[in-house]
Amino acid sequence: MKTFSLLISGIALIAVSCGTPEAKSPNDDSAIMPLANSEPTLQEKQDNARFIVDTYEDSMEIPHSKVSVEYNESRTFLNEIIGVAEVQLGGNEEMEVPKDAIASCGCWYAGGGDYFYIARSDKGIKIFHGWLDEMQEDEGYHWEELKNIE
């Protein structure tokens, strides 16, 4: 009889713990799960924009940097410059790069320099190119918009 009572108690316990799940209300926020493959926002895409630099030396041991920008899972080649390009996040007051820039990149080599920076636009990013030369008669980095990438 004791065995029968234990058996009945065990079955009752299992039945209670395996009951039907509570129905979720359509307005219950806990029932909503984000999609794993949802599209990133424009700001998230912009925040992830970055320079890719591939540096090598030629036969005369002169460094060259191939500069590209990666945005929204796509890579765009910008230019090959002489020198070892360095990447810096954000703006750079000394180089006249705006404070709200995403990143800057460039280098100085043998009396001249080439520079780039990434800025936000309404639909994507803008890439600016600037140059500086020790023999120039004017001041500044001569910044001009190079590309607009959406």
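Along the sequence shown, residues are numbered consecutively beginning with 1.
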**Q.** side chain to side chain donor-acceptor pair (under 3.5 Å) contacts in which one or both residues fall within residues 106-119, not counting sequence neighbours
**A.** Asp114-His129

Q: Please list all pairs passing the side chain to side chain donor-acceptor pair (under 3.5 Å) test where one or both residues lie in residues 139-150, with sequence neighbours left out.
A: Asp138-His142

Not counting sequence neighbours, which residues clear side-chain hydrogen bond (donor to acceptor under 3.5 Å, both in side chains) with [X]? List them please.
X	value
Lys45	Glu39
Thr55	Ser65
Asp47	Arg120

(Q) If hydrophobic clusters are built by linking Ile, Leu, Val, Met, Phe, Trp and Tyr wherever their side-chain heavy atoms come under 4.5 Å apart, do Val67 and Ile125 end up in the same one? (A) yes

Nearest 0.5 angstrom please: [X] [atom1] to [Y] [atom2], how far?
X	Y	atom1	atom2	answer
Arg50	Cys105	CZ	SG	12.0 Å
Leu146	Phe116	CG	CZ	6.5 Å
Tyr71	Ile149	OH	CD1	9.0 Å

Q: Only counting residues at least two apart or in another chain, list the ones meeting salt bridge (Lys or Arg N to Asp or Glu O under 4.0 Å) with Glu93.
A: none

(Q) Could you work out, with salt bridge (Lys or Arg N to Asp or Glu O under 4.0 Å) as the rule, every residue matching Asp133, not counting sequence neighbours? (A) none

Q | salt bridge (Lys or Arg N to Asp or Glu O under 4.0 Å) partners of residues 95-109, not counting sequence neighbours, each pair once | A | none

Q. Is there any salt bridge (Lys or Arg N to Asp or Glu O under 4.0 Å) pair reaching into residues 56-69, and which pairs are they, with sequence neighbours excluded?
A. none

Q: For the pair Gln46 (side chain) and Ile102 (backbone), establish whether a donor and an acceptor sit closer than 3.5 Å, ignoring hydrogens and angles.
A: no

Q.
The criterion is side-chain contact (heavy atoms from CB on, under 4.5 Å); which residues satisfy it with Glu44, sequence neighbours excluded?
A. Pro40, Thr41

Q: Determine, step by step, whether Val69 and Ile118 satisfy the side chain to side chain contact (heavy atoms under 4.5 Å, CB included) criterion, reporting the C-alpha distance in whole Å, the side-chain angles of both residues, the deciding distance to 0.1 Å, and the verdict.
A: CA-CA 9 Å; Val69 66; Ile118 304 170; 3.5 Å; yes

Q) Who else is in Met135's hydrophobic cluster (ILVMFWY, side-chain heavy atoms under 4.5 Å, direct or via others)? A) none

Q: Measure across Ser121 and Leu42 and return the closest heavy-atom pair with its distance rounded to 0.1 Å.
A: O-CD2, 4.3 Å

Using a 3.5 Å cut-off and no angle test, enumerate the donor-acceptor pairs between side-chain atoms of residues 74-92 and protein atoms at least two apart in sequence or in another chain.
residue	atom	partner	partner atom	Å
Arg75	NH2	Glu70	OE2	3.2
Glu80	OE2	Tyr56	OH	2.4
Glu80	OE2	His64	ND1	3.4
Gln88	OE1	Asn92	ND2	3.1
Gln88	NE2	Gly91	O	3.3
Asn92	OD1	Glu94	N	3.1
Asn92	OD1	Met95	N	3.1

